[in-house]
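Written out below as structure tokens is the structure these notes cover.
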Amino acid sequence: MRRMFGTAAVLVSAVLTLAACGGGGTTGNPLDTTSAAPSGSASGGGKAVIGSFDFDESVLLASIYAQALEAKGVQVEEKPRIGSREAVYDQVKSGGLTIVPEYNGNLLAFIDQASTAATTDEVNTALKEKLPAELEVLDSSPAEDKDTLSVTKDTQTKQSLTTMEDLAKASKSMVVGGPPEFKKRWEARFKDVYGVEFKEWKPTGPTTADALKDGTIQVGNVFSTDPKIAANNLVPLQDTKNIFPAQNVTPLLHKASASDTIRTTLNGISAKLTTQSLLEMMQKISVNKDEPAMVAEEWLTSNGLA
């Protein structure tokens with residue numbers, strides 16, 4: 001869960017450097033800020049800067065967090081669509097961000113690439129051991145958005161694909177797509193665990209499901225709560241060796257910047273957020289084209305959280 005090389009990486013690095021140095025002015029960049037790092041000891045519920053990754057589900061979750069915290073008197077600043085985990089993680093660690101909605105399995109894989117933890121409990125136990133002292137994770141929600149390698153129904157039939165093990169027989173002639181960072185994160189592990197090697201890797205990002213449908217790619221890293229899996233008649237291949245660990249939605253916090261109000265409120269959200277509700281909300285955003293903030297407000301109201 002679920003999400004830049006060359007010139008893009010240099011630009012991200014430059015932006016992060018400016019943010020860390022407190023470069024002033026409002027330029028429209030999501031990392032620019034003129035305020036100091038938020039303090040959990042502030043009056044009332046404290047302050048929080050909430051960031052999100054550059055995809056709709058993360059923006060939705062950040063909006064849920066933000067609106068619920070505002071209802072509890074927390075002063076909130078939102079910084080949506082910052083980029084990938086590579087860009088966001090250090091911002092939380094440094095205190096430039098207070099909170100980001102994370103996915104526990106991918107967060108663990110980012111911190112410890114050698115980890116073999118698979119279940120929610122295993123992943124969270126390992127996370128608490130591996131996280132640096134500046135960071136903490138709160139309660140994981142039952143809501144899970146797992147990575148998949150998916151193919152079209154036509155490709156599945158022609159290549160006789162059911163599992164990722166089956167994919168190893170055909171992958172060298174296939175093009176795979178996913179987020180820009182997908183190749184770096186997963187190429188070696190696919191080869192080591194399943195013997196899967198692809199002809200080409202394309203950075204298809206949020207258009208991955210559509211690229212599968214139009215034939216630009218033959219295999220795609222589509223996330224399990226993406227409504228386009230059903231809409232485009234896609235088939236997620238079975239991950240029989242659990243290369244993709246549990247991916248429960250889990251708040252990641254800069255520990256010193258978070259108040260008790262923040263912790264209690266976010267844990268309350270996690271207790272009520274389910275995979276089905278996440279899928280339904282993403283349907284409204286991806287298919288109905290509703291704004292994430294509006295969908296977040298509806299969910300919070302219906303669950304008595306705002």
Side-chain angles (χ1 to χ4, degrees), residues 1-3 48 50-53 55-72 74 76 78 80 85 88-89 92 97-111 115 117-128 130-131 135-148 223-227 229 242 244-255 258-286 292-293 295-306:
M1 136 169 281
R2 301 231 204 356
R3 333 207 199 292
I50 304 177
S52 63
F53 302 117
F55 58 94
D56 287 342
E57 185 174 285
S58 184
V59 176
L60 167 70
L61 292 166
S63 187
I64 289 174
Y65 291 178
Q67 293 184 52
L69 290 173
E70 286 176 334
K72 295 295 184 180
V74 178
V76 173
E78 293 186 67
R85 184 170 290 105
V88 174
Y89 178 84
V92 187
L97 296 173
T98 315
I99 307 160
V100 65
E102 258 289 7
Y103 299 86
N104 56 354
N106 274 344
L107 176 60
L108 177 60
F110 179 77
I111 296 170
S115 176
T119 68
T120 299
D121 288 342
E122 289 172 349
V123 168
N124 286 342
T125 297
L127 262 181
K128 289 172 184 177
K130 295 291 183 178
L131 278 176
L135 299 175
E136 67 174 307
V137 287
L138 300 184
D139 294 348
S140 289
S141 73
E144 192 172 16
D145 184 2
K146 295 199 74 168
D147 289 87
T148 76
F223 303 106
S224 60
T225 58
D226 190 334
I229 289 180
N242 295 314
F244 295 130
Q247 299 290 1
N248 303 86
V249 176
T250 305
L252 175 67
L253 274 62
H254 181 256
K255 189 182 298 185
S259 66
D260 289 341
T261 299
I262 289 173
R263 293 182 175 89
T264 300
T265 301
L266 297 185
N267 282 336
I269 291 171
S270 290
K272 293 192 175 186
L273 188 64
T274 65
T275 300
Q276 183 59 36
S277 64
L278 193 55
L279 183 57
E280 290 170 357
M281 286 188 283
M282 287 307 299
Q283 179 86 10
K284 293 177 181 179
I285 293 169
S286 297
V295 176
E297 182 180 11
E298 291 174 352
W299 184 83
L300 286 166
T301 301
S302 67
N303 284 276
L305 294 171

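Positions are given from 1 along the sequence. Keep in mind that this is a model prediction, so the values were computed, not measured. Side chains included, hydrogens not; waters and symmetry mates left out as well; all remaining heavy atoms used.
In terms of heavy-atom proximity, Glu144 sits nearest to Thr225 at O-CG2, 3.6 Å. Listed here is the closest heavy atom pair of Ser63 and Pro292: OG-O, 4.4 Å. Between Ile229 and Phe223, the shortest heavy-atom distance links the atoms CD1-O, 3.5 Å. Scanning both residues, Lys272 and Trp299, for their nearest heavy atoms gives O-CZ2, 3.7 Å. Between Leu108 and Ala117, the shortest heavy-atom contact is CD2-CB, 3.8 Å. The minimum heavy-atom distance between Tyr103 and Glu57, with the atom names listed, is OH-OE2, 2.5 Å.
Within the 4.5 Å cutoff, side-chain heavy atoms of Ile50 are placed close to those of Leu69. In this structure, Val100 and Tyr89 have side chains that are not in contact, with every pair of non-hydrogen atoms separated by 4.5 Å or more. Side-chain contact between Ile64 and Met281 is present, with heavy atoms from C-beta onward closer than 4.5 Å. The shortest side-chain heavy-atom distance between Leu61 and Ile269 does not fall under the 4.5 Å cut-off. The side-chain heavy atoms of His254 and Leu97, taken from C-beta on, include no pair separated by under 4.5 Å. Taking the side chain as every heavy atom from C-beta outward, Leu107 and Val137 approach each other to under 4.5 Å. Looking at Glu102 and Asn104, their side chains never come closer than 4.5 Å, going by heavy atoms from C-beta outward. Between Tyr65 and Thr265, every side-chain heavy-atom pair lies at or beyond the 4.5 Å cut-off.
Formation of a donor-acceptor pair under 3.5 Å by the Thr98 side chain with backbone atoms of Ala48 is not found in this model. Not a single donor-acceptor pair under 3.5 Å links the side chain of Thr261 to the backbone N or O of Ser259. Without hydrogens or angle criteria, Ser58 side chain to Phe55 main chain gives no donor-acceptor distance under 3.5 Å. Counting only distance, with no hydrogens or angles, the side chain of Gln67 and the backbone of Ala293 share a donor-acceptor pair below 3.5 Å.
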Go through the steps for Asp56 and Met282 under the test side chain to side chain contact (heavy atoms under 4.5 Å, CB included), then give the verdict.
CA-CA 8 Å; Asp56 287 342; Met282 287 307 299; 4.0 Å; yes

Decide yes or no on side-chain hydrogen bond (donor to acceptor under 3.5 Å, both in side chains) for Asp139 and Ser270, but give the supporting numbers first.
CA-CA 6 Å; Asp139 294 348; Ser270 290; over 6 Å; no

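How far CD of Glu280 is from CD of Glu298: 11.5 Å, rounded to the nearest 0.5 Å. The structure places NZ of Lys130 at 9.5 Å from CD1 of Ile111, a figure rounded to the nearest 0.5 Å. Within the model, atoms CG of Leu273 and CG of Leu266 stand 11.5 Å from one another, a figure rounded to the nearest 0.5 Å. Between atom CG of residue Leu252 and atom CG of residue Leu135 there is a gap of 5.0 Å, rounded to the nearest 0.5 Å. If you take NZ on Lys284 and CG on Leu279, they are separated by 11.5 Å, rounding to the nearest 0.5 Å.
Screening Arg263, Lys255, Lys128 against Glu136 for a salt bridge (charged side-chain N to carboxylate O under 4.0 Å, His left out) leaves a single residue, Arg263. Residue Ser140 is tested with Asp121, Asn248, Asn124 for a side-chain hydrogen bond (donor to acceptor under 3.5 Å, both in side chains); the sole match is Asn124.
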